[in-house]
Amino acid sequence: MNRTGLGDDSAFRPGTWLRKQVAARADGKLTGQRSALLDALRQRAGIVTG
């Protein structure tokens with residue numbers, strides 16, 4: 001199932017998704033574009049969380 005976190009998707013766990021994406025990048029499974037998006041997301045999350 002492709003989880004989006006929208007609506008009533010109570011099973012969506014963004015932290016789990018993020019860890020899986022980081023692991024996929026470490027394994028060389030992400031494209032350059034997806035890796036750049038992941039970096040931008042992590043940078044933005046750092047700004048929001050302090």
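Just so it is clear, the values below take in all heavy atoms, side chains as well, and ignore hydrogens, waters and symmetry mates.
Ion pairing between a basic and an acidic side chain is recognised when a charged N comes within 4.0 Å of a carboxylate O; D39 and R25 show such pairing.
Heavy atoms only, all atoms of each residue included: Q21 and L30 are closest at O-CD1, 3.5 Å.
For L37, the side-chain contact (heavy atoms from CB on, under 4.5 Å) criterion is met by Q33, not counting sequence neighbours.
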